[in-house]
J.: 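Quick one: structure below, then a few questions.
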Amino acid sequence: MPNLFKLKKKGLLFTDAHSTPLCAPSRYSLLSGNNPHRGTGPRGSWTIIGDVSQFTEDQVSLPKLLKEKAGYNTGIFGKWHLGARASYNNTWEHPRTLENIITDTNMDWSLPLDQAGEFLGFKKSYISLDGINYPPFSFFKNDYLTSSKNETVYWSKGSYKMPHGISKIVVPGEGDQTWDSSAFDMIVVNKTKNFIKQHLKHQPDRPFFAYAAMTNNHYPFTPPDYHLDGTKVKGRYKNDYLDLIHHFDKNVGSLIKFIDKKNLGKDTIIIVASDNGGELNLPFVHSTNGPLAYGKGSAFEGGHRIPFMMRWDGMLPKNKKRHNMIHLTDIYATISEIVNITAPIGSAHDSLSFYKFAKRANMRDIKRYKMFVLGVSERQGQVYSGLQFSYRKENLKLIYQTGATNTLHVYDLIKDVREKRNLFWEMRNTKSGSEKLVTLFKEMMSESPCPFEDSKKYFQVKGQEEYKSCAFFAKRPDACNQYPEGVSMCPSVCGKRFHKFCTTWKVHGYDFTNNVLKDLGF
């Protein structure tokens with residue numbers, strides 16, 4: 001991976017960086033600065049069937065903030081996965097099925113998507129709603145469908161020889177007749193480069209924010225025959241997955257070379273990161289997550305510890321590592337600090353800037369010492385057998401696994417990043433260890449979508465000098481969306497919005513917490 005190694009030499013590599021364990025909630029966390037349950041659903045918004053935007057009406061995305069407060073030109077290109085609405089039967093009612101969504105006579109594609117690119121502050125967008133996995137297999141340009149009904153074809157499940165390689169359809173449905181999953185990321189690269197080129201031509205004195213959302217190394221694994229520069233991709237290594245890693249490196253290199261060619265290195269912050277850990281149960285012999293436990297979907301480290309590199313010529317050190325814990329949510333506060341703008345109330349609730357530490361590596365600049373992660377116990381296709389609530393505080397990480405197993409895991413990540421040695425019973429058998437476990441569990445639940453009891457104290461609300469109590473939220477239920485602290489501190493009032501989710505998984509309230517602790521011998 002020569003281009004990624006070159007990026008590392010010219011910038012910073014973060015060895016303890018994290019996302020959520022799944023792609024849709026991670027994209028919300030990146031653009032909102034919030035954990036997923038601060039949005040409309042605790043596990044993200046995925047499609048236009050039954051989902052609205054993951055952003056609540058009062059939340060301001062990072063690109064929107066940059067555009068409105070700092071004059072940025074903003075663009076997104078590639079996989080969307082943030083939820084949206086389309087005009088169905090002259091309403092914003094959800095379509096019944098994705099399979100024939102383009103030719104469905106109830107759909108009005110003369111109208112743009114609602115709650116999509118423009119809603120989140122992107123002036124320019126060229127996106128597919130679900131990457132390469134689900135219909136419609138078409139792009140939306142500035143929220144308008146690019147395919148006409150006359151150009152639409154029905155793609156059955158299977159493989160298709162296309163101009164750039166083998167395109168695969170996993171879930172059948174309608175799409176553009178030129179759809180080619182093997183070309184997807186090269187389209188993303190070209191659209192991103194063109195956005196920057198047009199920006200420099202027409203608005204050279206304004207800053208820009210470009211989000212290139214690629215699908216490399218996502219099922220169904222369809223590398224192109226050749227990269228944009230004519231070099232071979234498919235067949236270069238022993239399987240398609242490794243070819244796609246090579247292709248991702250080529251795509252990153254294409255964008256960075258373009259930025260360097262335009263002499264933008266000193267004015268451009270480059271961040272390369274993943275949205276979750278690698279897939280499990282692949283037909284390949286190598287591990288997709290190295291030594292880390294489990295993979296995509298899991299609250300174990302293999303599900304959400306991700307590669308993360310950052311470069312800013314002249315402002316950040318070169319060829320250095322940072323070992324402090326960071327999360328995708330932290331990008332919001334970090335960029336805001338650099339640009340000198342303030343996140344509005346309701347946004348960036350879980351975001352902590354790592355800019356000063358990235359620049360100076362002074363331990364006093366570390367802000368993140370804890371992190372909540374929501375994962376799934378077992379993933380067979382799209383069927384989940386339970387949830388995983390994970391809470392890390394400094395080096396100790398607690399995982400509570402719901403469902404049939406109903407177990408607690410505790411790991412010391414400084415000594416055991418592979419999560420091989422469960423410390424639960426070792427801690428459980430001492431008074432100090434038991435007290436620490438109970439504290440960790442209660443802190444974890446208070447950070448989760450299913451907090452266990454109302455705070456009886458006054459607490460600080462972001463953006464407000466005056467401390468609030470749960471009585472404030474009881475009088476003003478609308479404040480639950482405006483101030484995320486209400487969800488974690490006053491669940492009897494604000495936590496009700498996830499009541500169905502929590503009760504479905506039998507994870508809810510004070511009784512649940514006490515029962516779990518009792519079942520585990522506390």
Side-chain angles (χ1 to χ4, degrees), residues 13-22 274 276-282 285-308 321-327 363 366 368-380 384-448 505 507 513 515-522:
L13 171 66
F14 290 81
T15 62
D16 196 0
H18 299 265
S19 62
T20 80
L22 292 168
S274 177
N276 49 247
E279 290 270 12
L280 289 178
N281 303 318
L282 300 180
V285 294
H286 64 276
S287 170
T288 58
N289 295 301
L292 301 178
Y294 298 94
K296 180 177 180 179
S298 172
F300 285 83
E301 291 295 286
H304 55 87
R305 187 180 285 239
I306 58 171
F308 191 107
K321 293 181 180 181
R322 295 290 182 262
H323 302 294
N324 58 304
M325 177 172 35
I326 64 171
H327 193 277
M363 296 299 288
I366 293 178
R368 179 170 290 284
Y369 291 95
K370 62 181 182 178
M371 179 177 68
F372 172 81
V373 171
L374 176 65
V376 291
S377 297
E378 293 180 13
R379 186 169 181 253
Q380 303 294 334
Y384 304 102
S385 64
L387 295 178
Q388 291 172 338
F389 287 76
S390 170
Y391 180 66
R392 176 177 167 187
K393 191 172 185 179
E394 297 179 333
N395 61 310
L396 276 185
K397 177 179 175 182
L398 175 71
I399 300 175
Y400 172 65
Q401 196 154 291
T402 71
T405 53
N406 194 39
T407 57
L408 274 180
H409 301 252
V410 189
Y411 301 99
D412 184 338
L413 294 184
I414 298 298
K415 300 177 181 178
D416 181 26
V417 73
R418 298 185 180 201
E419 296 171 299
K420 295 291 186 182
R421 183 185 175 194
N422 185 358
L423 302 175
F424 172 71
W425 287 108
E426 185 177 320
M427 295 179 67
R428 172 68 186 86
N429 290 330
T430 67
K431 182 180 179 181
S432 61
S434 293
E435 290 174 349
K436 186 173 288 187
L437 285 173
V438 171
T439 299
L440 283 173
F441 190 90
K442 289 186 174 182
E443 287 183 9
M444 176 182 71
M445 294 308 299
S446 70
E447 294 284 336
S448 79
W505 292 101
V507 181
T513 299
N515 287 337
V516 168
L517 294 175
K518 184 178 179 181
D519 289 345
L520 294 170
F522 290 100

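The analysis underlying the following values was restricted to heavy atoms, covering all of them including side chains, and did not include hydrogens, waters or symmetry mates. Just so it is clear, the model here is predicted, and its values are computed rather than measured.
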J.: Under 4.5 Å between any side-chain heavy atoms of His323 and Lys321, yes or no?
T.: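 His323 reaches Lys321 side chain to side chain.
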
J.: Just jot down the ring pair (Phe, Tyr, Trp, His ring centres under 6.0 Å) partners of His18, sequence neighbours excluded, or say none.
T.: His304

J.: Would you compute the distance between atom OG1 of Thr288 and atom CD of Glu279 and round it to the nearest 0.5 angstrom?
T.: 7.5 Å

J.: Kindly write out the residues that satisfy side-chain contact (heavy atoms from CB on, under 4.5 Å) with Val410, not counting sequence neighbours, or none if the list is empty.
T.: Leu396, Leu398, Asn422, Leu423, Phe424, Met427, Leu437

J.: Which class fits the ring pair Phe389 and Phe372: parallel under 30°, tilted 30 to 60°, perpendicular over 60°?
T.: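 Correct class here is tilted.
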
J.: Using the salt bridge (Lys or Arg N to Asp or Glu O under 4.0 Å) criterion, which residues pair with Lys370? Sequence neighbours excluded.
T.: Glu447

J.: Does the side chain of Glu301 come within less than 4.5 Å of Leu413's, by heavy atoms?
T.: yes

J.: Name all residues meeting the side-chain contact (heavy atoms from CB on, under 4.5 Å) criterion together with Glu443; count only those two or more places apart in sequence or in a different chain, and write none if there are none.
T.: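 For Glu443 the side-chain contact (heavy atoms from CB on, under 4.5 Å) partners, ignoring immediate neighbours, are Tyr391, Lys393, Thr439.
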
J.: Residues in salt bridge (Lys or Arg N to Asp or Glu O under 4.0 Å) with Arg368, at least two apart?
T.: Asp330

J.: Would you name the heavy atoms of Arg305 and Thr15 that are closest together and state the gap between them?
T.: NH1-O, 3.1 Å

J.: For Pro21 versus Gly375, what's the shortest heavy-atom pair and its separation?
T.: CG-CA, 4.1 Å

J.: What heavy-atom pair brings Asp412 and Asn395 nearest, and what distance separates the two atoms?
T.: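 Heavy atoms only, the tightest pair is OD1-ND2, 2.9 Å.
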
J.: Not counting sequence neighbours, which residues clear salt bridge (Lys or Arg N to Asp or Glu O under 4.0 Å) with Arg392? List them please.
T.: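 For Arg392 the salt bridge (Lys or Arg N to Asp or Glu O under 4.0 Å) partners, ignoring immediate neighbours, are Asp16.
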
J.: With sequence neighbours excluded, what pairs up with Lys420 under the side-chain contact (heavy atoms from CB on, under 4.5 Å) test?
T.: Asp416, Arg418

J.: I want to check something: taking the side chain as every heavy atom from C-beta on, are Phe308 and Leu13 in contact at a cut-off of under 4.5 Å?
T.: no

J.: Only counting residues at least two apart or in another chain, list the ones meeting side-chain hydrogen bond (donor to acceptor under 3.5 Å, both in side chains) with Thr430.
T.: none

J.: Is any side-chain heavy atom of Ser390 closer than 4.5 Å to a side-chain heavy atom of Lys397?
T.: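 Answer yes - side chains close enough.
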
J.: Rounded to the nearest 0.5 Å, how far apart are CD1 of Ile306 and OG1 of Thr20?
T.: 9.0 Å

J.: Look up atom OG in Ser19 and atom NE2 in His327, then write down how far apart they are to the nearest 0.5 Å.
T.: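 The distance works out to 6.0 Å.
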
J.: Distance check, rounded to the nearest 0.5 Å: Ser298 atom OG versus Asn276 atom CG?
T.: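 The OG atom of Ser298 sits 11.5 Å away from the CG atom of Asn276.
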
J.: What are the two closest heavy atoms between Tyr411 and Arg421, and how far apart are they?
T.: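 Smallest heavy-atom distance, with atoms named: CD2-O, 3.2 Å.
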
J.: When you measure from the side chain of Gln388 to the backbone of Ala299, do you find a donor-acceptor pair of N or O atoms at a distance under 3.5 Å?
T.: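 Between the backbone of Ala299 and the side chain of Gln388 there is a qualifying donor-acceptor contact (under 3.5 Å).
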
J.: Can you say whether the rings of Phe300 and Tyr294 are parallel (under 30°), tilted (30 to 60°) or perpendicular (over 60°)?
T.: tilted

